[in-house]
Amino acid sequence: MNEIRPQPKSPPAGGPRRALITGITGQDGSYLAELLLGKGYEVYGLVRRASSQRHERIESIRARLHLIAGDLLDPSSLMSALAKARPHEVYNLAAQSFVPTSWSEPVSTAEVTALGVTRLLEALRAVAPEARFYQASTSEMFGKAPAPQSETTPFHPRSPYGVAKVYGHWATVNCRESYGTFAVSGILFNHESPRRGYEFVTRKITSSAARIHLGLEEQVRLGNLEACRDWGFAGDYVRAMWLMLQQDEPRDYVIATGITHSVEELCAAAFGALGRDWREHVEVDPEFLRPAEVDHLIGDSTRAREELGWKPEVSFEELIARMVEHDVELARRGVQPPVASL
């Protein structure tokens with residue numbers, strides 16, 4: 001029996017532009033939602049049905065959002081969400097995005113981060129074919145590729161997460177080339193903020209530095225201090241997402257600062273913001289070393305700077321200082337990081 005699908009519906013003529021964001025409760029989703037609301041959009045967000053927690057990152061704008069239950073594992077829920085939102089733009093930011101977890105849960109990572117993209121693209125073609133689509137690709141797709149990395153650098157992922165993201169990236173390219181969908185991938189290098197999850201190394205370091213400064217902890221255990229990343233501010237990077245969907249022709253873009261820093265330098269910046277020497281408080285623990293390390297990522301965002309007019313506005317030092325200041329305030333209020341992230 002043939003599957004019965006909702007009939008395609010065009011976005012409403014006139015009125016505000018409408019956007020659907022998957023992963024709206026995450027770091028990037030919350031910043032993107034704020035950006036789009038500021039531009040007068042009607043913003044819809046896909047949230048998992050099983051998710052009952054208070055969505056702190058979007059709490060301040062919750063009353064202005066339209067949240068729809070759905071899941072990248074469930075094609076019918078994606079078609080239903082698109083039919084309700086009738087979006088002009090769709091931003092797929094949802095993923096299992098914590099790299100270490102992808103080794104312990106490679107199949108579930110692939111189901112969400114890889115096949116979830118195909119499910120959403122198929123739903124888009126069936127229900128909202130005129131909508132423009134943004135796929136959140138990542139610098140982790142480059143992995144072992146020589147630096148600096150640009151849009152033409154071959155991928156060499158070094159984790160199940162990176163592999164899954166490569167699939168999602170090429171699925172997006174294939175949809176664009178096969179069906180004429182306005183579908184683009186933003187190959188975003190590492191981007192952080194005070195809203196970053198505690199499980200990520202940047203937030204782990206800034207949170208621990210804050211708690212050590214206040215006498216609540218003594219040490220922080222980390223893995224490879226020599227790993228280098230191109231770190232920017234998430235608020236700058238979501239601006240690039242929006243710019244990609246405003247172009248006349250769909251094209252993929254690398255978004256990066258072009259400046260790389262090691263984890264050691266990150267430690268120095270975080271503890272230095274509090275007048276402390278990181279070497280007195282950081283312990284290297286083999287438990288946090290990856291099975292296959294990505295040693296050096298640095299992005300060449302020339303295309304985005306020339307064609308989108310995009311450039312980062314927040315420096316690495318200012319970013320880390322903002323995160324440390326935020327985490328000091330949280331620690332003073334008695335807010336503790338989740339035990340699993342320590």
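What you are looking at is a predicted structure, and each value in this text was computed from that prediction instead of being measured. Note that the numbering runs from 1 along the sequence shown for the chain.
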Q. Side-chain donor-acceptor pair under 3.5 Å between His213 and Arg276, yes or no?
A. yes

Q: Apply side chain to side chain donor-acceptor pair (under 3.5 Å) to the pair Thr257 and Asp230, showing each step before the final yes or no.
A: CA-CA 6 Å; Thr257 71; Asp230 184 333; 2.5 Å; yes

Q. Are a donor atom and an acceptor atom from the side chains of Arg305 and Ser301 found within less than 3.5 Å of each other?
A. yes

Q.
Testing Thr206, Asp277, Val282 one by one against Phe271 for a side-chain contact (heavy atoms from CB on, under 4.5 Å), which residue passes?
A. Val282

Q | Any side-chain donor near an acceptor of the partner, Glu192 and Thr202, under 3.5 Å | A | yes

Q. Does Arg251 pair with Glu151 as a salt bridge, N-O distance under 4.0 Å?
A. no

Q) What is the minimum heavy-atom distance between Tyr198 and Pro338, and which atoms define it? A) CD1-CD, 3.3 Å

Q. Regarding Asp327 and Ser207, is there a side-chain donor-to-acceptor distance under 3.5 Å anywhere?
A. no

Q | CZ-CG distance between Arg64 and Leu36, expressed to the nearest 0.5 angstrom | A | 11.0 Å

**Q.** Contact summary for Gly299 and Ala256, nearest pair of heavy atoms
**A.** CA-CB, 3.6 Å

Q) Can you check side chain to side chain contact (heavy atoms under 4.5 Å, CB included) on Gln135 and Lys165, steps first, answer last? A) CA-CA 10 Å; Gln135 165 61 15; Lys165 277 292 189 178; 3.9 Å; yes

Q | Pairwise side-chain contact, Asn92 with Thr172, heavy-atom cut-off 4.5 Å (strictly under) | A | no

(Q) For Glu283, is the CD atom crowded, meaning more than 12 foreign heavy atoms sit under 6.0 Å from it? (A) yes

**Q.** Backbone of Cys175 reached by a side-chain donor or acceptor of Ser178 within 3.5 Å
**A.** no

Q.
So does Leu245 get a backbone contact from the side chain of Arg132, meaning a donor-acceptor N/O pair under 3.5 Å?
A. yes

Q) How would you list, by chain and number, every residue that makes a side-chain contact (heavy atoms from CB on, under 4.5 Å) with Asp285, sequence neighbours excluded? A) Arg221, Glu287, Phe288

Q) Could you state the interatomic distance from OG1 (Thr25) to CD (Glu56), rounded to the nearest 0.5 Å? A) 11.0 Å

Q) Is there a path from Leu115 to Leu124 through hydrophobic residues (I, L, V, M, F, W, Y) whose side chains come within less than 4.5 Å of each other? A) no

(Q) Does Glu218 have more than 12 heavy atoms from other residues, nucleotides or ligands lying within 6.0 Å of its CD? (A) no

Q | Approximate separation, where rounding is to 0.5 Å, of Leu82 CG and Tyr44 OH | A | 12.0 Å

**Q.** Minimum heavy-atom distance between Leu32 and Leu93, given as atom pair plus value
**A.** CD2-CD1, 3.9 Å

Q: Could you pull out all residues at least two apart from His169 that satisfy side-chain contact (heavy atoms from CB on, under 4.5 Å)?
A: Ser137, Met141, Phe155, Val173, Ser185, Ile187, Asp252

Q: Kindly work out whether a path of hydrophobic side-chain contacts (I/L/V/M/F/W/Y, heavy atoms less than 4.5 Å apart) joins Ile298 to Leu188.
A: no

Q: Can you measure from OG (Ser139) to NE2 (His191) and round to the nearest 0.5 angstrom?
A: 9.0 Å

Q: Each residue besides Val163 in its hydrophobic cluster should be listed here, by chain and number; the cluster joins Ile, Leu, Val, Met, Phe, Trp and Tyr at side-chain heavy-atom distances under 4.5 Å.
A: none

Q: Indicate yes or no for a side-chain donor-acceptor contact from Thr138 to the backbone of Glu140 under 3.5 Å, with no hydrogens or angles considered.
A: yes

(Q) Hydrophobic clustering (ILVMFWY, side-chain heavy atoms < 4.5 Å, transitive) - are Tyr179 and Met79 grouped together? (A) no

Q.
Please check this pair: side chain of Ser150 against backbone of Asp300, looking for a donor-acceptor N/O pair closer than 3.5 Å.
A. no

Q | N/O donor-acceptor pair under 3.5 Å between Gln247 side chain and Leu243 backbone | A | yes

Q.
If the condition is side-chain contact (heavy atoms from CB on, under 4.5 Å), which residues does Gln336 pass it with, not counting sequence neighbours?
A. Arg211

**Q.** Sequence neighbours excluded, every pair satisfying salt bridge (Lys or Arg N to Asp or Glu O under 4.0 Å) that has a member inside residues 26-41
**A.** Glu34-Arg195

Q.
Taking Tyr91 as the starting point, is it possible to reach Ile61 by hopping between hydrophobic residues whose side chains are less than 4.5 Å apart?
A. yes

Q.
Would you compute the distance between atom CG of Leu72 and atom CD of Glu111 and round it to the nearest 0.5 angstrom?
A. 11.0 Å

**Q.** Side-chain (Arg158) to main-chain (Gly143) donor-acceptor, under 3.5 angstrom
**A.** no

Q) Is the backbone N or O of Ser262 less than 3.5 Å from a side-chain atom of Glu265, with the two atoms forming a donor-acceptor pair by type? A) yes

Q) If you measure from the Lys or Arg side-chain nitrogens to the Asp or Glu carboxylate oxygens, is any gap between Asp74 and Arg119 under 4.0 Å? A) no

**Q.** Evaluation steps, side chain to side chain contact (heavy atoms under 4.5 Å, CB included), between Tyr237 and Trp310
**A.** CA-CA 9 Å; Tyr237 285 43; Trp310 177 88; 4.0 Å; yes

Q.
Main chain of Arg176, side chain of Thr181: is a donor-acceptor contact present, judged purely on distance under 3.5 Å?
A. no

**Q.** For Thr118, side-chain contact (heavy atoms from CB on, under 4.5 Å) partners two or more places apart
**A.** Glu122, Tyr167, Ala171

Q: Drop me the distance from Ser208's OG to Gln219's CD, to the nearest 0.5 angstrom.
A: 10.0 Å

Q.
With a 4.5 Å cut-off on side-chain heavy-atom distances among I, L, V, M, F, W and Y, is there a chain of contacts connecting Phe142 to Ile259?
A. no

